[in-house]
Amino acid sequence: QVQLVESGGGLVQAGGSLRLSCAASGRTFSDYVMGWFRQAPGKERKFVAAISWTGGTTYADSVKGRFTISRDNAKNTLSLQMNSLKPEDTAVYYCAARPGAVLTDNLYNYWGQGTQVTVSS
């Protein structure tokens with residue numbers, strides 16, 4: 001079992017920045033690919049970014065060049081730096097984990113409770 005707790009959400013104006021964090025506990029952090037997902041009101045949850053233990057990354061096209069995913073394996077933490085935020089980035093953001101080393105946008109086993117990000121125009 002892996003427990004995930006997100007933090008860092010909030011309200012920001014368009015063009016601003018936020019940094020989300022996710023604290024992981026319960027199993028060896030390096031055994032997992034870590035990802036960020038988001039769910040806007042009335043819409044399905046969508047992939048945002050993922051990072052492997054060795055630092056390989058992949059991003060959704062909608063956030064490329066604006067968001068940066070990173071992880072600190074020594075501290076069991078995952079981060080998402082979000083710059084140039086847009087109103088359409090408004091969503092609940094979820095941290096997720098899946099065993100193994102393959103970067104993917106699906107088949108994640110563990111999820112945090114989510115943190116709200118609201119971008120005003």
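All values reported here derive from a predicted model rather than from experimental measurement.
A distance-only check finds a donor-acceptor pair linking the side chain of Y59 to the backbone of I69 [under 3.5 Å].
Inter-residue side-chain proximity for S21 and T77 is flagged as unmet; no heavy-atom pair is nearer than 4.5 Å. Between E6 and Q113 the shortest side-chain heavy-atom distance falls below 4.5 Å. Between D89 and R38, some side-chain heavy-atom pair lies under the 4.5 Å cut-off. By the 4.5 Å heavy-atom criterion applied to side chains, Q81 and S70 are not counted as neighbours. The closest side-chain heavy-atom distance from N106 to F47 is not below 4.5 Å. V33 has its side chain within reach of Y108: a pair of non-hydrogen atoms, C-beta onward, lies under 4.5 Å apart.
Partners of A101 by side-chain contact (heavy atoms from CB on, under 4.5 Å), not counting sequence neighbours: none found. The side-chain hydrogen bond (donor to acceptor under 3.5 Å, both in side chains) search around N73 returns R71, not counting sequence neighbours.
The aromatic ring centroids of W111 and F37 lie less than 6.0 Å from each other.
Sorted by first and then second residue, the disulfide (SG to SG under 2.5 Å) pairs with a member in residues 3-95 read C22-C95; sequence neighbours excluded.
Under a hydrophobic clustering in which Ile, Leu, Val, Met, Phe, Trp and Tyr are joined whenever their side-chain heavy atoms come within less than 4.5 Å, directly or via other members, L4 and L20 fall into the same cluster.
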